[in-house]
Asker: 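Just passing along the structure, written as structure tokens.
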Protein chains: 2
Amino acid sequence: MEAFADKQAGSASASAGTTARGEATRDAIRRAAEALFAAHGFSAVSMRDIAARVGVRASALYNHFPAKQDILADLMETHLLRLTAALDAALPQADAPPAERLAAFARFHVRYHFDEADAVFLSYMELRSLEPGNRARINALRGAYEARLRGILREGQRSGAFRIEDPAVEAMALIAMLTGVTTWYDPAGRLSRAAIENIYVAMAARSVGLGQEGEASCSSGA
Amino acid sequence: MEAFADKQAGSASASAGTTARGEATRDAIRRAAEALFAAHGFSAVSMRDIAARVGVRASALYNHFPAKQDILADLMETHLLRLTAALDAALPQADAPPAERLAAFARFHVRYHFDEADAVFLSYMELRSLEPGNRARINALRGAYEARLRGILREGQRSGAFRIEDPAVEAMALIAMLTGVTTWYDPAGRLSRAAIENIYVAMAARSVGLGQEGEASCSSGA
DNA sequence: CGATGAAATGAACGATCGTTCATTCATATT
DNA sequence: AATATGAATGAACGATCGTTCATTTCATCG
């Protein structure tokens with residue numbers, strides 16, 4: 001979507017005028033809008049707020065996005081495409097043990113949310129601020145991501161590795177649980193990122209009926 | 001907080017003029033604002049929107065609430081006080097088995113969220129729309145609710161009934177998981193409320209290392 | 001160097017925002 | 001019936017909203 005090409009070692013394109021400056025501003029707008037939308041909500045943030053953070057006037061934003069709504073849609077679409085692509089790169093292949101794939105999913109999800117908390121929060125909370133057309137498209141992307149986890153749970157249920165009632169419901173429950181980390185995580189807090197990851201991964205495993213460690217097993221003491 | 005007294009069989013108060021009409025309007029404002037804030041977000045809803053839903057002009061709202069902000073604060077405070085009181089009424093007493101208390105918590109939480117989805121959503125999502133003073137007060141109420149679950153997890157860990165790493169983190173994770181039901185629940189959907197409750201209760205139990213049913217046990221077949 | 005065109009500007013637009021206020025309406029008490 | 005009082009009204013306020021547009025700035029290419 002959008003242009004999004006030459007950033008460094010630029011040469012080919014750009015007929016005249018400026019070249020990479022516009023793209024730099026567009027990215028700055030994205031970053032500013034992401035932070036502000038996540039902090040205050042889409043409709044509580046004005047175009048002038050975004051422009052001020054970029055260091056530009058509100059009217060300049062319209063050289064890069066046709067409307068405020070399109071900034072939000074762009075942020076969500078970009079985030080969800082990257083998220084799903086990164087997940088597919090992080091997941092073991094489909095024939096790996098479901099327990100391993102679930103653990104990888106949980107770890108990926110929490111870790112990704114540490115780094116992209118604003119984008120994640122936005123994409124889950126501001127669907128209601130989108131016009132119907134944009135909303136349907138973004139919702140489909142979100143559904144594709146959720147389908148990955150649903151598939152893992154279904155396979156685990158089918159193979160007997162997991163002891164669960166309903167893969168669809170449990171997928172939503174797990175995603176909500178893992179996503180919640182962004183609401184309380186504090187970089188200066190008591191626990192390191194790695195420690196928090198491990199706790200969530202272990203919870204996810206137990207929630208599908210797995211023992212303490214990877215596979216099945218039982219009666220593992222402490 | 002506020003007046004909130006005589007509604008029926010009124011007699012004592014109300015010096016002159018009208019009596020219960022004002023309180024009825026105030027409640028209608030609360031209901032309208034709750035639905036609109038939950039659907040569109042605090043700052044996307046105007047006082048005129050709320051008034052229109054009540055069947056009154058915007059200026060009439062100021063006979064009942066000093067400002068828009070106070071409607072939101074009132075909704076959150078009322079909700080959180082009721083929520084915590086209802087939880088305390090639903091929880092087995094403190095010397096009951098932690099597994100039983102956890103199951104009761106999970107069932108209560110999901111069930112309450114079915115009925116009060118709007119208020120719940122509001123109180124978890126619109127903290128950022130509150131002024132610092134209101135935010136601190138509401139946040140304390142939320143913390144009191146979360147502390148109930150944290151206490152259950154700590155007791156289960158202490159007694160050895162639960163196999164968990166960190167009660168504080170797991171409390172936040174469980175609440176996020178249970179609260180998430182409001183984001184996808186559809187009254188016309190595939191599953192009944194009772195079925196969904198049971199799935200969440202079972203997941204909560206497994207997530208703290210319990211077997212399929214209430215107590216510990218292990219190697220439970222299916 | 002002058003031409004070119006994207007990027008940024010400042011002013012302005014119509015609309016809508018939260019809120020105020022003098023006034024009117026409606027009701028319960030005396 | 002007269003009165004007192006809370007509730008609702010309609011108009012208006014200053015501010016701010018998203019957006020448009022003619023103009024200016026400025027880095028690049030021929």
Asker: Can you find an N or O donor on one side and an acceptor on the other, under 3.5 Å apart, linking the side chain of A:N63 with the base of C:dA6?
Answerer: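 Not at all, since no donor on one side and acceptor on the other fall under 3.5 Å apart.
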
Asker: Send over the distance from A:Y62 OH to D:dT23 C1', rounded to a whole Å.
Answerer: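 To the nearest whole Å, that distance equals 19 Å.
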
Asker: Name all residues meeting the ring pair (Phe, Tyr, Trp, His ring centres under 6.0 Å) criterion together with A:F42; count only those two or more places apart in sequence or in a different chain, and write none if there are none.
Answerer: A:F37

Asker: Without swapping roles, check the side chain of B:E77 against the backbone of B:I138 for a donor-acceptor pair under 3.5 Å.
Answerer: no

Asker: Just the rounded figure in Å: distance from P of C:dG18 to CD of B:E131.
Answerer: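 Those two atoms, CD and P, are 14 Å apart.
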
Asker: Nearest-Å distance, NE2 (B:H40) to P (C:dC17)?
Answerer: 13 Å

Asker: Send over the distance from B:L61 CG to D:dG10 P, rounded to a whole Å.
Answerer: 14 Å

Asker: Can a side chain N or O of A:H64 be found less than 4.0 Å away from OP1 or OP2 on C:dA8?
Answerer: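 Yes, because at least one side-chain N or O of A:H64 sits under 4.0 Å from OP1 or OP2 of C:dA8.
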
Asker: When the distance from NZ of A:K68 to C1' of D:dT20 is rounded to whole Å, what number comes out?
Answerer: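 One finds 17 Å between C1' of D:dT20 and NZ of A:K68, rounded.
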
Asker: Rounded off to whole Å, could you give me the CG-to-C1' distance for the A:D70 and D:dG18 pair?
Answerer: 12 Å

Asker: Given B:F121 and B:H79, is the ring pair (Phe, Tyr, Trp, His ring centres under 6.0 Å) satisfied, shown in steps?
Answerer: CA-CA 11 Å; B:F121 188 80; B:H79 162 66; over 10 Å; no

Asker: Give me the residues of residues 43-59 of chain B where at least one heavy atom lies under 4.0 Å from an atom of DNA chain D, by number, or none.
Answerer: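 B:R48, B:V56, B:R57, B:S59 - these, ordered by number, are the residues of the stretch whose heavy atoms sit under 4.0 Å from the strand.
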
Asker: Got a salt bridge between B:E23 and B:R26, using NZ or NE/NH1/NH2 to carboxylate O under 4.0 Å?
Answerer: yes

Asker: Quick check on the 6.0 Å ring-centre criterion: do B:H113 and B:F108 meet it?
Answerer: no

Asker: So does B:E165 get a backbone contact from the side chain of B:E170, meaning a donor-acceptor N/O pair under 3.5 Å?
Answerer: yes

Asker: Could you check how far CD of B:E23 sits from P of C:dT27, rounded to whole Å?
Answerer: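 Rounded to the whole Å, the gap is 18 Å.
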
